Amino acid sequence: MTIARITSVAGCVRYWDFFQFGIKQTAKFLRYDLPMDIFRKMVFHLSRQHDTAWIGIALEDDGTPVSFAIAHECTPLFSPRREFEASLVFHQTGRSDATEALQTAFETFCRSNNISVYYATTRRDSGSTIRCFQSERYGFKRAYTTFIKELT
């Protein structure tokens, strides 16, 4: 397996069918309600943001894509530390190993670019906090759960 970082629109176009398939699956799971054209523009734009975004793809030895991850900077204004969000992560069924390899490559990028925290999101349910925020009292809608990883 090879991990490749996508750093151009040409790389996005080359693997667009795979990105599109994975984005459709992930967007449905996360309840992102955007047209595919918006996702295409986002991916193309992020591919050119070498310092503030990271797009990685895991490829089998024959070049077949099996997983991808898309992350971008979300550092709050005036924050002393850089933060990223892994906003879209997808792997073919049974290929979580590819996502783990992408995570390792992404964390290497983070460490070499002084990024000390990143977030990942999911729709997995858990606990009383979620029930609290979903109560009518606060008016929030369930969107996702965020997980944070601090890098050393």
Side-chain angles (χ1 to χ4, degrees), residues 2-13 15-16 18-20 22-59 65-91 95-152:
T2 302
I3 303 300
R5 182 170 179 210
I6 304 294
T7 58
S8 68
V9 172
C12 297
V13 170
Y15 297 108
W16 182 245
F18 182 67
F19 280 120
Q20 185 171 323
I23 289 169
K24 284 180 181 177
Q25 299 299 312
T26 305
K28 179 172 53 175
F29 181 69
L30 293 174
R31 297 185 185 165
Y32 290 162
D33 188 24
L34 296 170
M36 186 53 64
D37 189 52
I38 297 298
F39 284 108
R40 181 188 55 77
K41 289 176 184 178
M42 178 192 73
V43 172
F44 285 14
H45 174 78
L46 292 176
S47 72
R48 297 185 307 263
Q49 308 305 311
H50 301 163
D51 295 333
T52 60
W54 189 87
I55 300 175
I57 190 163
L59 305 166
V66 292
S67 182
F68 69 80
I70 299 172
H72 55 87
E73 186 158 8
C74 64
T75 303
L77 292 174
F78 311 112
S79 174
R81 67 181 192 180
R82 291 185 73 194
E83 300 180 9
F84 265 55
E85 176 189 352
S87 56
L88 290 168
V89 179
F90 172 77
H91 66 262
R95 294 310 308 267
S96 60
D97 63 319
T99 299
E100 291 172 13
L102 282 168
Q103 180 181 9
T104 300
F106 174 62
E107 289 179 3
T108 299
F109 165 81
C110 288
R111 286 184 179 94
S112 66
N113 287 278
N114 298 318
I115 299 158
S116 44
V117 173
Y118 73 91
Y119 303 90
T121 57
T122 183
R123 287 263 318 141
R124 300 196 189 276
D125 293 326
S126 63
S128 61
T129 302
I130 292 171
R131 286 190 297 279
C132 175
F133 276 97
Q134 289 184 126
S135 74
E136 291 182 24
R137 177 179 180 182
Y138 299 107
F140 288 101
K141 290 185 179 180
R142 171 75 180 182
Y144 50 81
T145 301
T146 303
F147 296 90
I148 185 171
K149 182 166 184 181
E150 296 201 25
L151 301 169
T152 56

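None of the values given here were measured: they were computed from a predicted structure.
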Angle between ring planes, Phe106 versus Tyr118, binned at 30° and 60°: parallel, tilted or perpendicular? perpendicular

Give me the atom names and distance for the closest heavy-atom approach of Ile57 to Leu102. N-CD2, 3.6 Å

Please give me the minimum heavy-atom distance between Ile6 and Gly11, naming the atom from each residue. CG2-C, 3.9 Å

Between Ala53 and Arg5, which heavy-atom pair has the shortest distance, and what is it? O-NH2, 2.7 Å

Closest non-hydrogen atoms of His91 and Ser96, given as atom of the first, atom of the second and distance, are CD2-N, 3.6 Å

How far does CG of Leu88 sit from CD1 of Ile70, to the nearest 0.5 angstrom? 5.0 Å

Across all chains, not counting sequence neighbours, the ring pair (Phe, Tyr, Trp, His ring centres under 6.0 Å) partners of Phe90 are Phe18, Phe21, Phe68

For the atom pair CE (Met36) and CD (Gln20), what is the distance rounded to the nearest 0.5 Å? 5.0 Å

Does a sphere of radius 6.0 Å around CG in Asp37 hold more than 12 heavy atoms from other residues, nucleotides or ligands, not counting ones at 6.0 Å or beyond? yes

Enumerate the side-chain hydrogen bond (donor to acceptor under 3.5 Å, both in side chains) contacts for residues 43-54, please, sequence neighbours excluded, ordered by first and then second residue. none

Between Glu73 and Thr75: side-chain donor-acceptor atoms closer than 3.5 Å: yes

What pairs with Asn113 under side-chain hydrogen bond (donor to acceptor under 3.5 Å, both in side chains), at least two apart in sequence or on another chain? none

side-chain hydrogen bond (donor to acceptor under 3.5 Å, both in side chains) filter on Arg81, not counting sequence neighbours, yields Glu83

Which heavy atom of Phe84 sits nearest to which heavy atom of Cys74, and what is that distance? C-SG, 3.6 Å

Of all heavy-atom pairs between Ala4 and Leu59, which one has the smallest distance, and what is that distance? CB-CD1, 4.4 Å

Just wondering, do Trp16 and Ile23 contact through their side chains at under 4.5 Å, heavy atoms? yes

Which pairs pass salt bridge (charged side-chain N to carboxylate O under 4.0 Å, His left out) with one or both residues in residues 98-110, sequence neighbours excluded? Glu107-Arg111, Glu107-Lys149

Listed partners of Thr108 passing side-chain hydrogen bond (donor to acceptor under 3.5 Å, both in side chains), at least two apart: none

To the closest 0.5 Å, what do you measure between SG (Cys12) and NZ (Lys41)? 15.0 Å

